Undergrad: 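Have a look at the structure that comes next, please.
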Amino acid sequence: MAPVAEYEAACLPELLPLYYRRLFPFSQYHRWLSYGGVTKNYFQNREFSFTLKDDIYVRYQSFSNQNELEKEIQKMNPYKIDIGAVYSHRPNQHNTVKSGTFQALEKELVFDIDMTDYDDVRRCCSSADICTKCWILMTIAIRIIDRALREDFGFRHLLWVYSGRRGVHCWVCDEAARKLSVAARSAVAEYLTLVKGGEETVKKVQLSDPVHPFIKESLAVVRRYFTDYALVGQDIMGSKESMDKVVALVPDEIRKDLVAALQAEKNPTKRWEKLKVIVQQKQASSKKSYYTEEEIMLQYCYPRLDVNVSKGVNHLLKSPFSVHPKTGRISVPIDLRELGQFNPFDVPTISLICKELDRPRTAEEEEASVRERDPDGGEQRKVRDYKRTSLAKYVKLFDQFVEEMERSRKGELLRRTDLQKDF
Amino acid sequence: MLFGGRKKKGVENPQTELYGHCLQLYTQPPLENISLVEFEQFAVDRMKLLKTVENLGVTHIKTSEDYSKKLHAEISSLNFPHRTEVSTFIVPAVASEYEKRRKDHISHFILRLAYCQTEDLRRWFIQQEMDLFRHRFNDLSPKSKSDFLHRNSLQYETISVEEKKSLMEKLINSSYAFSGCTVEEQDFYKVPFQDALDLVRMRKVFVKDGFAYVPHQDIVTIVLNDYRTRLSKALALTARSLPVVQSDERLQPLLSHLSHAYVGQDYSIQKNIGKISLEQIDSLSTKSFPPCMRQLHKALRDSHHLRHGGRMQYGLFLKGIGLTLDQALQFWRAEFLRGKVDADKFDKAYAYSIRHMFGKEGKRTDYTPYSCMKVILSNPPSQGDHHGCPFRHSDPELLKQKLQSYKISSGGINQILELVKGMHYQLACQKYFELTHSIDDAGFSLNHPNQYFSESQKLLTGGKEVKRELDSPRRPHAAAGSENSKAPPETPSSSNRVPQEVMDDLDSFFQEE
Ligand code: SF4
Ligand SMILES: [Zn+2]
């Protein structure tokens, strides 16, 4: 039986030291950000920034090695950790280098998808709130973006992370991705952006002929979820008010017919069918292409990226395994093989995993701990500690991710030396 | 005298070889000696050309016919080469064409010297040279294009017939205005997607596994990318040898003149700092703010908050109309505190970025207020945003309602909507200006929100400013510059040997712009 521990923000100062001392996966974390140590100072020149108590924000932290990182984090006990770029110099010495020479050189290509950006198409919640109904939007977003980054752009090492509150982050860690220029990052982000326009725009998706293969692929994903999410979950054809929003997205010349037809039909799903039929009828008698159905589906479901986060090389993003101070939930990696089952409310909070540590060990664990006993305690003990909590499966996932990256790095190395032999 | 001494390859007749095509990638520096007079003439002319490229880029959509027509005219009138089919060899009969190519070549290298000095200068120069090159390349005939590629050994990997067949449908759907048969006829180049960013960004190319499949008709994108890479490398190299050039007392003043001319209308330097009180802003926002800023102001007053894009666009505008840093801090603070933000949070999260705008924090970059083109083209608004240009980023229906609420006559609204339909956003805004100021002709060509404001103030307050305007000569790009105080060009030191008459000419040129 999992112990139930309600998270309270007030407890954070007590919990954080415990979390950083016994649970945070420093070793995997350091291995990840060292990327095999191929580039000199890759870890050392990486910026970290900490948010401390009372929203005190300290930028340009950097560390020589895992030990230093660990010590510092355990000393400062940050409420939140952000990761920035790899710079030309050590970030903690940025004041000492000649101005203009301190530059952000590389960073993972990152994406930030936040539920607040969907407020105009969610009826269940608004702003920072989420529920399992609207969480489907994140599932759709991950499916679409993940596919495009892999198949279109050829990236392999994508780490998807729950932000801890109301969204997800993606870290594209391939070497080619880390080296992308600002222009290239913004081009990728714009390629992936379909929903455009702010508060002054009603219709935010416009398709025209020909429909790009990327859009077709994305539509295929949206189609799988649209009925569940929009028609059933959000019931967008249910009330007059929400239907008006849909009707506003329809071309003028169809609107009148549509309104009449919708009034005559009461069943929401059938109303949607009606809309499709009316558009098709119009299409049959017109030269112009109508993508009304697709456009509405995309406007309601297509991922909304914060382009500015992806663009900048020096933009900071919340680190995996950082705690979300408001919810207490850990930013954990998401297993795409079980994406459909991922439930943000199942993600462990810091209170939960700290409490799990207090649980008496089972006989099995006791035995394991005897077998693994190591005279110095330290690292070994920590390894076992997280294994006793609900954090275990997420650390394991992270471990696999780092592992996989290392494997492909070695493969690449081998391939290169083989090539050299050929000459 | 300038560029020689580095050339090693012994080409028979390098210049003829170099000038074999009307367009070049400027891979070889000029080898000949150049008189100082010619040096200056060339430099000034190319400068003029690049300024035109910049101005047209601000006032026109780069793919429009109008844009190419005007640029074409400027290229011809300044005697630069342009779309010539005589390309394989130079005969005396077309000596003038040879002269043009030589001028193109040499002038480009002179400006490299002037524009390699700082990051900003380099960026400006590259941008204008890219636009110029794009225009000239697009203007070539297909034959001349492939000749150009061939001469410059720009060979890109083409995909096989089989691969093309298997991707046929996707290739057709990835490019605009393509039918199956043109796809079959065209070569497709497979390049890393990083080499075709402009196409990737607009989803005008098929992208798979990290590669972009670029149809021959879009090859300019790859060529430009290639050129950009070379040019920025070359500029970085030139910057290293700069001390030598700078110690040349004949060139130094000229070069520094040239590089000063780059700054466009700079609304970050304001004359009337502190002349506006915070109490005035509400009424100014309805009288003298362009619609984009009026909208932001209202959104801020209504919701006591603006997201990042809005804070930047509006904050810099306010700086541009003369708010001091203290005023700006007070203004934003008061409004944000009325909303969800408390004083502590404001000081921690927002005050920094406001000081940043005024160049008091961080990199000390003095941010320049956004031009219309920047507002219209970059960082479009998304969910929760109120920034952008209402003519570009509002649905026509909402725009109409908004204009009605601004008490614009329905005739006027129709005129504005017509212009919007034709994508003439700035003209639409100008029309709005005329309607709200009850004049027939604005008498300026709008390209900056701060220009809108200063023109409006000039009309409304009348008097002094108007007089001052009459004193100064009318310029081609009109009153755009009236409020901007550009740093005056440095006066050349008396020790330099540049003929005075030429320098005078130069001065007048720089002041004009
Ligand atoms: S045209 Fe320029 S000044 Fe007018 S609203 Fe648009 S951005 Fe603002
Ligand atoms: Zn919800």
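Just so it is clear, the model here is predicted, and its values are computed rather than measured. Below, read A as the first sequence line, B as the second, and so on, with proteins coming before strands; counting in each chain starts at 1.
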Undergrad: For the interface with chain B, which of A:Arg150, A:Lys216, A:Glu190 has the highest count of heavy-atom pairs at distances below 4.5 Å?
TA: A:Glu190

Undergrad: Ignoring hydrogens and geometry, is there a side-chain-to-backbone donor-acceptor pair from A:Thr201 to B:His393 under 3.5 Å?
TA: yes

Undergrad: Any side-chain to backbone donor/acceptor pair from B:Asp395 onto A:Lys203? Under 3.5 Å, distance only.
TA: yes

Undergrad: Is there any residue in residues 396-406 of chain B with a non-hydrogen atom under 4.5 Å from a non-hydrogen atom of chain A, and which ones are they?
TA: B:Leu398, B:Lys402

Undergrad: Got a second to check how far A:Phe153's CZ is from B:Gln194's CD, nearest 0.5 Å?
TA: 9.5 Å

Undergrad: Between B:Arg203 (side chain only) and A:Val211 (backbone N and O only), is there a donor and an acceptor less than 3.5 Å apart?
TA: no

Undergrad: Checking A:Asn308 against chain B: side chain, backbone, both or neither under 4.5 Å from a heavy atom?
TA: side chain

Undergrad: Given the options B:Leu199, B:Asp344, B:Asp198, B:Val205, which has more heavy-atom pairs under 4.5 Å with chain A than any of the others?
TA: B:Val205

Undergrad: Kindly say whether B:Gly384 contributes a backbone atom to a donor-acceptor pair with the side chain of A:Glu199 at under 3.5 angstrom?
TA: yes

Undergrad: Contact part of A:Ser186 toward chain B, heavy-atom cut-off under 4.5 Å: side chain, backbone, both or neither?
TA: both

Undergrad: Nearest 0.5 Å please: distance from the CG atom of A:Leu305 over to the OG atom of B:Ser382.
TA: 10.0 Å

Undergrad: Do B:Arg307 and A:Asp114 sit within salt-bridge range, that is, some charged N less than 4.0 Å from a carboxylate O?
TA: no

Undergrad: Side chain from CB out, backbone as N, CA, C, O: work out which of these in B:Lys170 comes under 4.5 Å of a heavy atom of chain A, or both, or neither.
TA: both

Undergrad: Please find the pair of heavy atoms, one from B:Asn173 and one from A:Pro213, that lie closest to each other, and give the distance.
TA: O-CD, 3.8 Å

Undergrad: Please report the closest heavy-atom contact between A:Ala187 and B:Val200, naming both atoms and the distance.
TA: O-CG1, 4.3 Å

Undergrad: Measuring from atom CG of A:Asp55 to atom NZ of B:Lys345, what distance do you get when rounded to the nearest 0.5 angstrom?
TA: 7.0 Å

Undergrad: Among residues at least two apart in sequence or on other chains, which ones pass side chain to side chain donor-acceptor pair (under 3.5 Å) with B:His308?
TA: none

Undergrad: Check A:Arg156 with B:Asp209, please: is the shortest side-chain N to carboxylate O separation under 4.0 Å?
TA: yes

Undergrad: For each of B:Ala349, B:Pro380, B:Pro381, tally heavy-atom pairs with chain A at distances under 4.5 Å, and name the one with the top tally.
TA: B:Pro381

Undergrad: Examine whether an atom of A:Glu151 lies under 4.5 Å from a heavy atom of chain B, and if so say whether it belongs to the side chain, the backbone or both; otherwise answer neither.
TA: backbone

Undergrad: Under 4.5 Å heavy-atom distance to chain B, tell me which part of A:Ile215 shows up: side chain, backbone, both or neither.
TA: side chain

Undergrad: In terms of heavy-atom proximity below 4.5 Å to chain B, should A:Val307 be classed as side chain, backbone, both, or neither?
TA: neither

Undergrad: Is it the backbone or the side chain of B:Phe206 that comes under 4.5 Å from a heavy atom of chain A, or both, or neither?
TA: both

Undergrad: Tell me, for A:Leu194 versus chain B, whether the close heavy atoms (under 4.5 Å) come from the side chain, the backbone, both or neither.
TA: both

Undergrad: Side chain, backbone, both or neither: which part of A:Tyr57 has a heavy atom under 4.5 Å from chain B?
TA: neither

Undergrad: Taking only residues two or more places apart in sequence or in another chain, which ones pass salt bridge (Lys or Arg N to Asp or Glu O under 4.0 Å) with B:Lys233?
TA: none

Undergrad: Could I get the full list of salt bridge (Lys or Arg N to Asp or Glu O under 4.0 Å) partners for A:Lys196, not counting sequence neighbours?
TA: none

